[in-house]
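All residue numbers in this chain count up from 1 along the given sequence.
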Amino acid sequence: MPLALLALAVGAFGIGTTEFVMMGLLPDVADDLGVSLPGAGHLVSAYALGVVVGAPLLAAATARTARRTVLIALMALFVAGNVLSAFAPDHTWLLAARFLSGLPHGAFFGVGAVVATTMVAPERKARSVSLMFLGLTTANVAGVPVATLMGQNFGWRATFLGVSAIGLAAIASLALLIPRDHTPAPRSALRGELAALRSLPVWLALGTTVAGFGALFAAYSYITPMLTGPAGYAGTSVTLLLALFGVGATAGNLLGGRLADHSLRGTLFGGLVSLTAILALFPLLMRTEVSAALAVTALGTAAFVTGSPLQLMVMEKAAAAPSLASSANQAAFNLANAGGAWIGGLALSAGFGTTSPALAGALLSAFGVGVAAVAYAVDRRVTPVAGRERVVAGGVPRQHEASGV
């Protein structure tokens with residue numbers, strides 16, 4: 001694997017850290033800025049909104065720009081957003097800065113995934129994407145806990161300055177390790193990228209992402225009350241258990257990359273079915289501390305096994321628009337984050353029990369299996385039959401057997 005993938009992973013590490021660290025800093029931010037805890041929670045939503053808005057817009061706007069230049073510019077925007085977050089004078093300014101920080105998120109992963117796959121042999125594409133995403137999953141194991149401790153000991157503003165330093169390291173890595181692309185972008189690049197998104201298989205792939213990761217966030221958003229309630233853990237143990245989720249996610253990401261290079265569809269279906277089963281078993285697994293810890297780890301593994309296959313599938317279904325489609329998949333991931341948390345909250349508010357968000361997630365995951373099955377059926381219907389070829393010539397049949405019969 002080329003060393004340039006390390007530069008992409010460093011950028012992903014910084015992005016993953018700044019995305020998830022806010023959840024641990026909300027009480028400190030709320031106290032310092034004099035806002036309520038729900039009001040501070042809008043800072044999480046502002047970042048997610050920035051991802052959803054920025055992913056397709058920035059990918060489309062930079063369609064004719066060299067990808068190395070795009071990656072460096074996106075990371076520079078990321079650094080600017082985090083520096084502004086560190087010096088935000090009030091809640092309103094911090095909301096704007098968090099929105100700005102989220103803008104480059106989806107486009108960076110989208111363009112980065114395209115760059116990663118162009119630097120390796122075809123049989124290693126999924127693995128290259130998983131290595132880039134390794135930075136994101138590792139952020140949950142190391143980046144977020146360290147950044148949270150930094151914020152608790154030195155103030156939340158120090159956390160964003162620390163993340164900005166990671167961003168600067170990513171810019172240096174990208175400039176040194178990503179090869180220059182001297183091929184001029186075609187003048188019709190933007191038009192072609194937008195046209196490619198009209199494909200039904202692309203939207204089915206994006207729908208699978210929303211359903212699959214919506215299932216994850218339906219449960220994960222309410223994992224703390226599950227662990228401190230039926231599982232019986234003390235609140236002080238939750239941080240360690242969330243690190244176990246990060247370990248599982250990292251293992252699942254690497255495993256998914258390897259398996260998808262052998263069977264993309266098989267890995268995707270296997271991951272979604274496993275996720276459905278684990279979420280359905282959550283009410284039983286949350287009855288003891290040991291089984292609950294295993295459930296949290298398995299949840300991260302099953303969910304992130306599907307990460308690389310989904311990213312690669314979207315890119316393959318929109319071969320003429322890989323950067324835009326790949327970025328749109330990141331927007332779909334963040335829609336899944338918000339939508340899954342909302343659906344899990346509905347189950348909890350309806351009084352179905354502390355573990356009911358996991359059961360709602362199981363239904364979402366099962367729906368994702370259905371969407372993936374429809375996508376597979378569509379692919380089978382539109383793919384030309386082996387041994388036949390289309391002939392474009394007057395008076396000649398459109399299809400004939402390769403043998404000439």
Side-chain angles (χ1 to χ4, degrees), residues 16 19-20 22-23 26 38 41 44-45 47-49 51-52 136-137 140 144 205-231 233 238 241-242 244-246 248-249 252-253 256 268-287 291-307 310 329-372:
E19 179 181 17
F20 294 109
M22 180 55 73
M23 299 169 188
L26 284 182
V44 177
S45 302
Y47 184 92
L49 181 61
V51 178
V52 173
L136 179 64
T137 56
N140 283 285
V144 173
L206 293 174
T208 306
T209 296
V210 173
F213 278 96
L216 166 65
F217 286 111
Y220 187 67
S221 300
Y222 304 96
I223 197 69
T224 297
M226 293 187 210
L227 293 172
T228 56
Y233 276 102
V238 172
L241 290 163
L242 295 183
L244 284 180
F245 172 84
N253 174 56
L268 177 58
F269 278 111
L272 288 173
V273 170
S274 299
L275 180 61
T276 304
I278 291 167
L279 289 171
L281 290 172
F282 248 58
L284 294 175
L285 295 173
M286 285 292 153
R287 292 182 179 179
S291 60
L294 292 174
V296 171
T297 308
L299 177 65
T301 302
F304 280 87
V305 158
T306 66
L310 282 169
N329 193 52
Q330 292 300 309
F333 178 88
N334 277 269
L335 284 175
N337 188 339
W342 176 68
I343 291 173
L346 288 179
L348 204 58
S349 300
F352 293 130
T354 308
T355 57
S356 62
L359 296 178
L363 293 176
L364 272 176
S365 184
F367 179 71
V369 174
V371 176

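Val305 has its side chain out of reach of Ser274: every pair of non-hydrogen atoms, C-beta onward, lies at least 4.5 Å apart. A heavy-atom distance below 4.5 Å is found between the side chains of Met226 and Phe282.
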Notebook entry, point to check: Between Trp342 and Leu346, does a side chain to side chain contact (heavy atoms under 4.5 Å, CB included) hold up when you go through it step by step?
Noted result: CA-CA 6 Å; Trp342 176 68; Leu346 288 179; 3.6 Å; yes
Next item on the list: Under the side chain to side chain contact (heavy atoms under 4.5 Å, CB included) rule, what do Met286 and Val296 come out as? Steps first, then yes or no, please.
Entry: CA-CA 9 Å; Met286 285 292 153; Val296 171; 4.3 Å; yes
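In this pair, Phe213 and Phe217 present their aromatic rings tilted. The plane angle is within the 30 to 60° band. Using the six-membered ring where Trp is involved, Phe245 and Phe304 have ring planes that are perpendicular, over 60° apart on the 30 and 60° scheme.
Pairing each heavy atom of Ala215 with each of Gly361, the nearest pair is CB-O, 3.0 Å. Here the shortest heavy-atom pairing between Ile278 and Ala302 reads CD1-CB, 3.7 Å. Closest approach of Ala362 to Ala280, counting heavy atoms only: CB-N, 3.8 Å. Of all the heavy atoms in Leu299 and Leu275, the pair that sits closest is CD1-CD1, 3.7 Å. Shown here for Thr208 and Gly368, the closest heavy-atom pair between the two residues is CG2-O, 4.0 Å. Across all non-hydrogen atoms, the minimal contact from Ala219 to Ala358 is CB-CA, 3.9 Å.
More than 12 heavy atoms of other residues, nucleotides or ligands lie within 6.0 Å of OH in Tyr233, so this atom counts as buried by the packing criterion.
For the side chain to side chain donor-acceptor pair (under 3.5 Å) test, no residue two or more places apart in sequence or in another chain qualifies with Thr224.
Although no hydrogens or angles enter the test, the distance criterion places no donor-acceptor pair under 3.5 Å between the side chain of Asn337 and the main chain of Phe333. Between the Thr276 side chain and the Leu272 main chain, a donor and an acceptor come within less than 3.5 Å of each other. Looking only at distances, a side-chain donor or acceptor of Tyr222 sits under 3.5 Å from a matching main-chain atom of Gly345.
Within the model, atoms CG of Leu348 and OG1 of Thr354 stand 6.5 Å from one another, a figure rounded to the nearest 0.5 Å. If you take CG on Asn253 and OG1 on Thr137, they are separated by 4.5 Å, rounding to the nearest 0.5 Å.
Listed by first and then second residue, the side-chain hydrogen bond (donor to acceptor under 3.5 Å, both in side chains) pairs that reach into residues 295-306 come to none, sequence neighbours excluded.
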